[in-house]
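Because the structure is predicted, anything quoted here is derived from the model rather than measured. Numbers here are sequence positions counted from 1.
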Amino acid sequence: MPPFFAAAPANVMEPSRDNPLLEAWTGRFGLPPFDRIDASHFAPALELAMREHRAEVDAIARNPAPPTFGNTLAALDASGRRFARIAAAFNNLASSASTAALQAVEREMLPKLAAHRTAILLDEGLFARIEAIRAGLDGAALGPEERMLVERAHLDFTMAGAKLAREARARVAAIVERIAGLTTTFRQNVLHDEETRGIPLDDERDFAGLPEWLREAAREAASERALAHRGWIPVSRSLVVPFLEWSERRDLRERAWRLWTRRGERDPSRDNRPVAREILALRRELAHLQGYRTFADYALVDRMAKTPAAVARLLQRVWEPARAKALAEREALAEAARASGASHPIEPWDWRHYAERVRRERYDVDDAEVKPYFTLDRMLEAAFDCAGRLFGVRFVRCGGVAVYHPDVRVYDVQDARGETIGTFLSDNFMRPGKRGGAWMSSFRQQSRANGALPVIVNNNNFAKAPDGEPTLLSADDLRTLFHEFGHGLHGLLSQVTWERLAGTNVLRDFVELPSQLFEHWAFEPQVLRRHALHAVTGEPIPEALIGRLRASRAFNQGFETVEYVACALLDMALHAHEHPEQLDLGEFEARELARIGMPGAIAMRHRLAHFDHLFGGSSYAAGYYVYLWAEVLDADAFEAFVESGDVFDPTLAARLRRHVYAAGGSVDPAATYRAFRGRDPAIEPMLADRGLIDERAPA
């Protein structure tokens, strides 16, 4: 393996002095100078920042003084500040405001960024110092957080292959670099389909059954793309799902469903299936190099679950009752279809349509009635209010701050004394150049060691209302808003010393706890009474409607659970396969779904060719189960508030902030959960919330 800190290649030009990424970021909150950044600035700035970071790490690794926590781990945690801020800006813009030029930079730079990080983790001298510190840990005068950083760093390096022989380390580095290029290709292929494919709506028949808000969203989507059609339904969840729910045109529903579920595989030149197969083969090789039979065995070492067997037990506990519930739901939908005069069986493009009908009939809950009470601005204020009542924080909107798109709002986040504790960016609307889905990210992470306050961004993909009109959210949109805001609070409320342990830098099957837990407050009656005011009349949401909404919460949960758990089961089966290079992914998907008894009228939430969690990165590989694992925690945690009789109980909220939202990765997740709840979690609240058992008593 060549020396990591060799001289820069001769063809790497020194960046020009007028590169804004390399200047001091003196704007408010230390945000990037978005108004001056161009895609061409990133490659030279990242190249220089990586060289600087390499030099800093080299000085730590080659330090002649005996290794100590301060001169090794604290120094490593503080290194690469300029690299971290430029890389964060690059990654965020590539997801939220992508262009052809920026995608070209991604293809060039992401493999280099992966190689940079891997080279640090495989540095022999640096790892030798960390090993020495860990070996003397028992007698060291270190606090709990410092001890956790030692253990985390040691595991990071070990999982990366630092203990391997030189040739094996070189192969690991090559694999990681290649995977980075492949995941970039995968993401860009999906984005291409989401930007270029959709359902044109050209006459009134095409709009049949669509409520006015969806008609407006379709017209806006066509206008935004300068299309000649009267309306356009892009293959983005934000519009496809409501189209499948409301459209009376079964032929268009089928076309929309097929386009949506075949993202990443329709264009032979952008077919993600061979890309995913190569990623799987490389992951398996990576696991073998580390001495593990499969990638699933390797990946779960650094998760709460620890073993594939533990994941299987959870998924199977949920799969059979969910499947039985889904089959019963299908019969209700078939009855509704027959009542409307239809004779066809329920197909995947029918399910949401008839489910919406049954929901309206059974619970008298209609999105057209609900959405006017869920305006985006008021629901965002509801999230802020809940955060204030639980954790004593305020969100103060700031104008005059340069942002990367006019839709982005900036908030100064303050504690009860009015002191700034972080910055929050809210980016809520679907648009070309923004990847689908919803996510939280950071431009800067919290760290007491270097005095850094967090800069957190939430991304959603809501359909934007026409100018002058409020954007209305569905119940699912509201849940998504609160979910991502829960992640945001995890980053904003972080109170740790070391950046490696800050915010969402926790085990993957714990990271969804703060987000999923916060969802519960979105539908609390007292929250809705205060914030769910009609967009036109200003009247509060009726008590009867609140009751109907809450009564309908478990409706269609068989479907929702099956489409999710099927994905988690396939994820584990793929990453437990010993010869993934031989797989035809389409055949494998069909065979596995048949094996588990997937109902034919339900499709996986994410088919493999566009399964971004698995192949657009590696964080959720052999880990899609984590949402369900965290749901056990979040349902049990919220049950504590229910049991107290006050969903804003101040004592519980203080414990929740300290042990969950503020602790980051500074404490073992199982221990920090017990510190909040007083015991290990019970699975029954989750099963009850999904309607899979009747009572919360032990099953």
Side-chain angles (χ1 to χ4, degrees), residues 1-15 19 21-22 32 39 41-62 72-73 75-95 102-127 129-130 152-153 155-162 164 166 168-185 187 279 282 286 289 441-445 499-500 505 616-619:
M1 190 172 183
F4 174 52
F5 295 110
N11 63 349
V12 175
M13 300 291 291
E14 285 296 320
N19 189 326
L21 291 169
L22 296 173
H41 293 135
F42 277 108
L46 286 166
E47 295 278 11
L48 182 138
M50 283 191 288
R51 290 201 298 272
E52 287 182 344
H53 191 197
R54 289 166 185 168
E56 293 174 39
V57 175
D58 189 40
I60 298 167
R62 311 316 181 231
T72 303
L73 288 162
L76 182 63
D77 194 72
S79 69
R81 292 302 89 213
R82 176 144 74 168
F83 168 68
R85 74 177 190 182
I86 296 172
F90 174 59
N91 290 331
N92 277 293
L93 292 181
S95 294
L102 202 55
Q103 288 177 25
V105 180
E106 273 194 292
R107 291 190 292 272
E108 174 192 359
M109 293 305 302
L110 287 185
K112 293 182 180 181
L113 295 176
H116 171 71
R117 297 185 181 99
T118 302
I120 292 173
L121 291 168
L122 296 180
D123 185 280
E124 290 182 67
L126 185 57
F127 183 60
R129 296 179 71 85
I130 293 171
R152 286 303 319 168
L155 185 59
D156 288 344
F157 278 70
T158 301
M159 294 286 289
L164 300 178
R166 187 176 293 267
R169 292 203 308 274
R171 179 56 186 157
V172 165
I175 289 172
V176 170
E177 186 171 353
R178 176 60 179 162
I179 288 177
L182 291 167
T183 55
T184 302
T185 298
R187 288 195 310 273
I279 291 171
L282 290 170
L286 192 64
L289 287 168
S441 186
S442 64
F443 284 92
R444 184 174 64 235
Q445 297 190 74
E499 184 175 313
R500 171 61 186 85
N505 290 321
S618 294
S619 296

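Counting all heavy atoms, side chain and backbone alike, F157 lies closest to F127 at CB-CD1, 3.5 Å. Of all the heavy atoms in L110 and N91, the pair that sits closest is CD2-OD1, 4.0 Å. L182 and L282 make their closest contact through CD1-CD1, 3.8 Å (heavy atoms, listed as atom of the first residue, atom of the second, distance). Across A43 and V105, no two heavy atoms sit closer than the pair N-CG1, 4.3 Å.
Taking the side chain as every heavy atom from C-beta outward, L73 and R129 never approach each other to under 4.5 Å.
Residues passing the side-chain contact (heavy atoms from CB on, under 4.5 Å) test with S442 are Q445, I456, sequence neighbours excluded. For S79, the side-chain hydrogen bond (donor to acceptor under 3.5 Å, both in side chains) partners two or more places apart in sequence, or in a different chain, are H53. Scanning for side-chain hydrogen bond (donor to acceptor under 3.5 Å, both in side chains) contacts around D77 gives an empty result, with sequence neighbours left out. Annotation: side-chain hydrogen bond (donor to acceptor under 3.5 Å, both in side chains) contacts of T184 (sequence neighbours excluded): none. Partners of R82 according to the side-chain hydrogen bond (donor to acceptor under 3.5 Å, both in side chains) rule, which considers only residues two or more places apart in sequence or in another chain, are E52.
The one candidate from R85, R152, R444, R81 that meets the salt bridge (Lys or Arg N to Asp or Glu O under 4.0 Å) condition with E499 is R81. The side chain to side chain contact (heavy atoms under 4.5 Å, CB included) with L48 is formed by just one residue from the set L22, I86, N19; it is L22. The salt bridge (Lys or Arg N to Asp or Glu O under 4.0 Å) test with D123 is passed by exactly one of R62, R54, R117: R62.
For the atom pair CG of L46 and NZ of K112, the computed distance is 10.0 Å after rounding to the nearest 0.5 Å. One distance of note links CG of L93 with CD of E106; it measures 10.5 Å at 0.5 Å rounding. In this structure, CG in L121 is found 8.5 Å from CG in L126, a value given to the nearest 0.5 Å.
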(message) L102 vs F42, test: side-chain contact (heavy atoms from CB on, under 4.5 Å). Steps then yes/no.
(response) CA-CA 9 Å; L102 202 55; F42 277 108; 3.9 Å; yes

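Between the side chain of T183 and the main chain of A180, a donor-acceptor pair closer than 3.5 Å is present.
Applying the salt bridge (Lys or Arg N to Asp or Glu O under 4.0 Å) test to pairs two or more places apart or on separate chains, those with a residue in residues 173-183 are R178-E278.
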